Engineer: 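Can you keep this structure in mind? I'll have questions shortly.
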Protein chains: 2
Amino acid sequence: MDKEYEILDSFIRFRGLRHTPQREMILRVFLSVEGHLSVEELHALAKKHDRSIGYTTVYRTMKLLSESGLADKVEFGDGIPRYEHKYNHRHHDHFVCVKCGKCFEVAHAGIEKLQETLARERDFTPLWHTMQVFGLCKDCRGIEIKLQ
Amino acid sequence: MDKEYEILDSFIRFRGLRHTPQREMILRVFLSVEGHLSVEELHALAKKHDRSIGYTTVYRTMKLLSESGLADKVEFGDGIPRYEHKYNHRHHDHFVCVKCGKCFEVAHAGIEKLQETLARERDFTPLWHTMQVFGLCKDCRGIEIKLQ
DNA sequence: ATCATTATTGAAAAACGTTTTCAATATAAC
DNA sequence: GTTATATTGAAAACGTTTTTCAATAATGAT
């Protein structure tokens with residue numbers, strides 16, 4: 001629970017930056033919600049704790065959290081980057097429903113293995129990957145069928 | 001060779017749109033270059049054929065080519081969307097070198113199979129996917145080692 | 001061929017998310 | 001406390017994409 005704060009503190013000290021109540025609050029807000037949040041959504045949540053918090057500070061802090069390994073920026077093709085938790089969360093890919101926008105996280109060792117195999121064949125050293133599968137979730141496929 | 005023009009013409013007629021020299025020229029320019037081109041690059045190439053061609057028209061036409069299935073918009077995480085050929089090109093994923101930016105296209109049936117398996121397990125109907133593997137190509141990994 | 005309708009064009013402006021600038025403020029080290 | 005400087009929030013700037021709009025051009029009917 002407190003490990004994330006230690007990670008941010010270490011990162012801040014390592015970089016010669018400073019600890020501020022704004023940074024701590026934004027981390028608290030970010031950690032309090034599981035899911036994929038845009039900067040706009042994070043800013044709205046942060047404003048509930050500090051009405052004067054600036055948009056810019058949320059941007060800057062989310063970049064900081066990404067660099068420190070606490071957050072991951074993900075993009076689902078709608079032009080709005082979102083942040084998800086990274087610490088203590090194993091890598092996963094995203095299945096995005098194109099009707100309702102719901103996003104399912106899928107972790108599977110096979111994907112990593114396949115990535116390694118394909119990369120080795122091409123003399124490429126893979127560092128990380130992102131994969132998004134777009135389609136219809138159970139509920140939305142149902143609607144699709146009903147409408148036909 | 002001419003099939004692409006037929007596809008665009010059918011799409012234009014089907015939608016009640018109009019055939020214009022600008023659209024034909026932009027398609028010709030797009031087809032003349034294999035690779036991943038940004039709108040800016042496409043506009044620069046188009047200007048060589050028609051100095052008065054507008055930026056806006058290239059944007060609008062590339063959207064049209066995407067909708068007609070001739071072009072595919074791909075994003076490699078640098079914030080600049082690029083277009084690649086889609087017609088008569090089998091689906092592939094992208095291995096992007098984070099040092100030099102080079103992009104390798106990798107087609108492998110295993111990825112599609114894996115996608116199907118994972119989707120079926122979750123009662124999700126996959127329609128398409130995108131996968132980008134980021135890492136170091138042969139040349140850039142060499143540099144990395146030399147620098148150590 | 002001419003006309004009428006309306007889609008298309010290119011320039012400029014607006015929109016959009018993000019980054020930079022800057023003066024005021026807050027933090028951390030001494 | 002004093003100092004050096006990192007951080008903040010507002011506004012401006014930024015880069016890309018979309019919208020607006022008047023002029024133009026393509027299509028179908030006459």
Side-chain angles (χ1 to χ4, degrees), chain A residues 5 8-30 36-68 71-83, chain B residues 5 8-30 36-68 71-83:
Chain A
Y5 294 89
L8 182 58
D9 272 4
S10 312
F11 187 77
I12 281 174
R13 233 171 292 132
F14 172 72
R15 280 264 209 103
L17 307 178
R18 288 176 186 176
H19 185 267
T20 68
Q22 288 93 336
R23 286 177 174 163
E24 191 181 311
M25 185 268 281
I26 291 168
L27 173 57
R28 191 167 67 238
V29 164
F30 171 64
H36 309 98
L37 294 179
S38 65
V39 172
E40 194 176 353
E41 290 167 330
L42 286 164
H43 180 237
L45 290 175
K47 268 204 154 177
K48 293 183 179 175
H49 294 83
D50 174 1
R51 289 180 46 67
S52 69
I53 192 84
Y55 223 94
T56 318
T57 303
V58 180
Y59 268 104
R60 288 191 277 229
T61 304
M62 290 317 296
K63 193 179 172 192
L64 207 63
L65 296 188
S66 293
E67 289 166 345
S68 67
D72 225 358
K73 198 181 190 177
V74 294
E75 305 203 38
F76 298 150
D78 64 353
I80 302 169
R82 283 162 236 266
Y83 287 93
Chain B
Y5 294 89
L8 182 59
D9 271 3
S10 313
F11 187 77
I12 281 174
R13 232 171 292 132
F14 172 72
R15 279 263 209 104
L17 307 178
R18 289 175 185 176
H19 185 267
T20 68
Q22 288 93 337
R23 285 176 175 164
E24 192 181 309
M25 185 269 281
I26 291 169
L27 174 56
R28 190 167 67 238
V29 164
F30 171 64
H36 309 98
L37 294 179
S38 65
V39 173
E40 194 176 351
E41 290 166 331
L42 287 164
H43 181 238
L45 290 175
K47 269 206 152 176
K48 292 184 179 176
H49 294 83
D50 174 0
R51 288 181 45 69
S52 69
I53 191 83
Y55 223 95
T56 317
T57 304
V58 180
Y59 267 104
R60 288 190 278 229
T61 304
M62 291 316 298
K63 193 179 171 189
L64 208 62
L65 297 188
S66 293
E67 288 166 346
S68 67
D72 225 358
K73 198 182 191 178
V74 294
E75 305 202 40
F76 298 150
D78 63 354
I80 302 169
R82 283 162 236 266
Y83 287 94

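Remember, it's a predicted structure, so these values are computed and weren't measured experimentally. Naming convention: chains lettered A, B, ... in sequence-line order (proteins, then strands); numbering from 1 in each chain.
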Engineer: Measure the distance from CG on A/D9 to P on C/dT27 and round it to the nearest whole Å.
Structural biologist: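 Distance, rounded to whole Å: 14 Å.
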Engineer: Which atom pair, heavy atoms only, marks the closest approach of A/H19 to A/I12?
Structural biologist: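 Looking at all heavy atoms of both residues, the shortest contact is N-CG2, 4.0 Å.
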Engineer: Base, sugar-phosphate or nothing for B/T56? Non-hydrogen atoms, less than 4.0 Å.
Structural biologist: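 Touches a base.
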Engineer: Pick base, sugar-phosphate or nothing for B/G79, based on heavy-atom distances below 4.0 Å to the nucleic acid.
Structural biologist: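 Since no nucleic acid heavy atom lies under 4.0 Å of B/G79, the category is nothing.
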Engineer: Is A/E40 atom CD crowded by more than 12 heavy atoms from other residues, nucleotides or ligands, each under 6.0 Å away?
Structural biologist: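 At most 12 heavy atoms, drawn from other residues, nucleotides or ligands, come within 6.0 Å of this atom.
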Engineer: Tell me: CD1 of A/I53 to C1' of C/dA26, nearest whole Å?
Structural biologist: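 Distance check: A/I53 CD1 to C/dA26 C1' gives 13 Å.
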Engineer: Which class fits the ring pair B/F76 and B/H36: parallel under 30°, tilted 30 to 60°, perpendicular over 60°?
Structural biologist: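 Rings of B/F76 and B/H36: perpendicular, over 60°.
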Engineer: How close or far is atom C1' of C/dA28 from atom CZ of A/R18, stated in whole angstroms?
Structural biologist: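 In whole Å, C/dA28 C1' lies 6 Å from A/R18 CZ.
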Engineer: Quick check: on DNA chain C, is the nucleotide nearest A/E40 upstream (toward 5') of the one nearest B/S52, or the reverse? Name the residue that is more 5'.
Structural biologist: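 With B/S52 and A/E40 compared, the 5'-side residue is B/S52.
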Engineer: Using whole Å, what does the distance between atom P of nucleotide C/dA7 and atom CZ of B/R15 come to?
Structural biologist: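 Interatomic distance, CZ of B/R15 to P of C/dA7: 13 Å.
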Engineer: Map B/Q22 and B/R60 onto DNA chain D by nearest heavy atom, then report which one ends up closer to the 5' terminus.
Structural biologist: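 Between the two, 5'-proximity favours B/R60.
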Engineer: Mind checking if A/R23 touches a base, just sugar-phosphate, or nothing, with heavy atoms under 4.0 Å?
Structural biologist: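 The residue A/R23 makes sugar-phosphate contact but no base contact.
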Engineer: Students should find this one: the first and last nucleotides of DNA chain D, 5' to 3', lying under 4.0 Å from a heavy atom of chain B. What are they?
Structural biologist: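 Taking any atom under 4.0 Å from a heavy atom of chain B, the span is D/dT16 to D/dT27.
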Engineer: Between C/dT27 atom C1' and A/R13 atom CZ, what is the distance in whole Å?
Structural biologist: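 One finds 14 Å between C1' of C/dT27 and CZ of A/R13, rounded.
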Engineer: Of all the heavy-atom pairs spanning B/S38 and B/R82, show the shortest one and how long it is.
Structural biologist: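 So the minimum-distance heavy-atom pair works out to N-CG, 3.8 Å.
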Engineer: Kindly give the heavy-atom pair with the smallest separation between A/I26 and A/V58, and that separation in Å.
Structural biologist: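 A/I26 and A/V58 have their closest heavy atoms at CD1-CA, 3.9 Å.
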Engineer: Is a donor on one side and an acceptor on the other found under 3.5 Å between the side chain of B/R23 and the backbone of B/R18?
Structural biologist: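 Pair found, side chain donor or acceptor close to backbone of B/R18.
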